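Structure record follows, encoded as C-alpha cells.
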Amino acid sequence: MPGKYDAVIFDMDGTLVDTLAMTVGAIAKYAPQCGLPPLPREVIIPVIGYGNHEFYRALYPDAAPDVQRWVEDLVEAGELEIGRTLGPKILFPGAAEMLRCLREAGMPLFVASTGTSFHVEGCLEIGGVLTLFDRIACGEPDKIDMTAKLLRGFDPARVPFIGDSLKDVEAAHGNGLLAIGAGFGYAREGGAPFDVIYDTPQALCTALLG
C-alpha cells in the first residue's frame, strides 16, 4: 500500500483501552474477597501491560501463589463486567475512529498484548473494534516474540509499534520497529523512552498515513 507503513501493531491495555477504568474498580470489589487490599491507580499503572501472572505477582508480592491466582481470576471476569457497563467508552476517545480511518485506508492492523484472549478479545468486542484487526497475538509473556510472529511477511522498517509502556518499547526495538507512544493513553504517565509520542488519535492517524 502507498505511504510510509505497510501495517501497524498496537498494544491494547493503556493504548486503545482505558484499562484502569475497569481494573481499579474490579480490584476494589474483588481483592478484599481474597483477603487483599484494594489498590489505587498510581500503584496499578506501572504494571499495566504485564502478563496476568506477572501483573498480580507485582501487585501483591507477599500473597501466596494460590491467592494471586484467585484474585486474578475474579478481577479478570470483573473487568469485563465493568467494561460491558461502559460499552464503547472503554476505548480512549477517538481511538475507534482512528482505527476505522486506518482500515478504510487499507492499513492492516495487528494487536500484540500479554493479556489473555478472553480479556483482549472481550475488550475489543465491547469497544466495537474487534473485527478491524487482521491479526491478534496475546496470552504470552514474551512480547518481543509475539511481535516477531506478527511481523512475518513484513519489512520491520515499515511496521511501527504503538504502545504505552516500557514493554512496548522493548517489543518494538527488539524487532527493529519504530516505537510510538500513545500520549492519549498512558504513555506519558509511564515514562517509557518512545521514539515519538502522539497526544491524540487524530494526530497519530495522520502520521501513520502520511
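Everything numeric here is computed off the predicted structure, so don't read it as measured data. Worth knowing before you read on, the calculation uses all heavy atoms, side chains too, and leaves out hydrogens, waters and symmetry mates.
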Distance alone, cut at 3.5 Å: any donor-acceptor contact between the side chains of [X] and [Y]?
{"X": "T114", "Y": "E140", "answer": "no"}
{"X": "Y186", "Y": "D18", "answer": "yes"}
{"X": "Q68", "Y": "H53", "answer": "no"}

Do [X] and [Y] belong to the same hydrophobic cluster, where Ile, Leu, Val, Met, Phe, Trp and Tyr are linked whenever their side-chain heavy atoms lie under 4.5 Å apart, directly or via other members?
{"X": "V47", "Y": "V43", "result": "yes"}
{"X": "M12", "Y": "L208", "result": "yes"}
{"X": "M146", "Y": "V111", "result": "no"}
{"X": "F55", "Y": "V71", "result": "yes"}
{"X": "I197", "Y": "F10", "result": "no"}

Distance from [X] atom [atom1] to [Y] atom [atom2], nearest 0.5 Å?
{"X": "E79", "Y": "L74", "atom1": "CD", "atom2": "CG", "result": "11.5 Å"}
{"X": "L20", "Y": "D13", "atom1": "CG", "atom2": "CG", "result": "9.0 Å"}
{"X": "L99", "Y": "L91", "atom1": "CG", "atom2": "CG", "result": "7.5 Å"}
{"X": "F194", "Y": "S165", "atom1": "CZ", "atom2": "OG", "result": "6.0 Å"}
{"X": "M107", "Y": "D134", "atom1": "CE", "atom2": "CG", "result": "11.0 Å"}
{"X": "C123", "Y": "R84", "atom1": "SG", "atom2": "CZ", "result": "9.5 Å"}

Heavy-atom pair of closest approach, residues [X] and [Y]:
{"X": "I126", "Y": "G87", "answer": "CG2-O, 3.5 Å"}
{"X": "A171", "Y": "T147", "answer": "CB-OG1, 3.6 Å"}
{"X": "A96", "Y": "V129", "answer": "CB-CG1, 3.9 Å"}
{"X": "A182", "Y": "A187", "answer": "O-CB, 3.2 Å"}
{"X": "A21", "Y": "L86", "answer": "CB-CD1, 4.1 Å"}
{"X": "L209", "Y": "A105", "answer": "CD2-CB, 3.7 Å"}

(message) Under the criterion side chain to side chain contact (heavy atoms under 4.5 Å, CB included), I'd like the reasoning laid out for F161 against V169: C-alpha separation, chi angles, the key distance, then a yes or no.
(response) CA-CA 8 Å; F161 192 112; V169 174; over 6 Å; no

Would you indicate whether the side-chain heavy atoms of [Y] and [X] approach each other to under 4.5 Å?
{"X": "C101", "Y": "E97", "value": "no"}
{"X": "T23", "Y": "I82", "value": "no"}
{"X": "R158", "Y": "K4", "value": "no"}
{"X": "N175", "Y": "P156", "value": "no"}
{"X": "M22", "Y": "V17", "value": "yes"}
{"X": "V8", "Y": "V159", "value": "no"}
{"X": "K29", "Y": "V75", "value": "no"}
{"X": "L109", "Y": "R135", "value": "no"}

Could you check whether [X] pairs with [Y] (Lys NZ or Arg NE/NH1/NH2 to Asp/Glu carboxylate O, under 4.0 Å)?
{"X": "E72", "Y": "R69", "result": "yes"}
{"X": "D11", "Y": "K167", "result": "no"}
{"X": "D142", "Y": "K149", "result": "no"}

(request) Could you check I180, I9, L177 and say which one makes a side-chain contact (heavy atoms from CB on, under 4.5 Å) with P160? (result)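 The residue from I180, I9, L177 that satisfies side-chain contact (heavy atoms from CB on, under 4.5 Å) with P160 turns out to be I180.
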
(message) Checking I136 against L124 for the side chain to side chain contact (heavy atoms under 4.5 Å, CB included) test, could you report, in this order, the C-alpha distance in whole Å, the side-chain angles of both residues, the deciding distance, and whether it holds?
(response) CA-CA 11 Å; I136 295 176; L124 294 176; 4.0 Å; yes

(request) Take D62 and R57, measure what salt bridge (charged side-chain N to carboxylate O under 4.0 Å, His left out) needs, and give me the verdict at the end. (result) CA-CA 8 Å; D62 297 327; R57 282 196 299 268; over 6 Å; no

(request) Answer yes or no: is there a donor N or O on one side and an acceptor on the other, between the side chain of Y60 and the main chain of P37, under 3.5 Å? (result)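 Answer holds: yes.
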
(request) Step by step, work out the side chain to side chain contact (heavy atoms under 4.5 Å, CB included) result for L178 and Y5. (result) CA-CA 11 Å; L178 180 71; Y5 302 117; 3.4 Å; yes

(request) Kindly check if the number of other-residue, nucleotide or ligand heavy atoms within 6.0 Å of CD (E125) is above 12? (result)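 Atom CD in E125 is not crowded, with 12 or fewer foreign heavy atoms closer than 6.0 Å.
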
(request) For side chain to side chain contact (heavy atoms under 4.5 Å, CB included), just list the numbers for F92 and T15, CA-CA rounded to whole Å, side-chain angles, deciding distance to a tenth of an Å, and then say yes or no. (result) CA-CA 8 Å; F92 289 108; T15 298; 5.8 Å; no

(message) Could you work out, with ring-ring contact (aromatic ring centres under 6.0 Å, His included) as the rule, every residue matching Y50, not counting sequence neighbours?
(response)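 Not a single residue meets the ring-ring contact (aromatic ring centres under 6.0 Å, His included) criterion with Y50.
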
(request) Output every pair passing salt bridge (Lys or Arg N to Asp or Glu O under 4.0 Å) with a member in residues 33-51, not counting sequence neighbours, ordered by first then second residue. (result)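 Every salt bridge (Lys or Arg N to Asp or Glu O under 4.0 Å) pair that includes a residue of residues 33-51, provided the two are not neighbours, is R41-E189.
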
(message) Taking the ring of F110 and the ring of F154, is the distance between their centroids below 6.0 Å?
(response)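 Between F110 and F154, which both carry aromatic rings, the centre distance is below 6.0 Å.
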
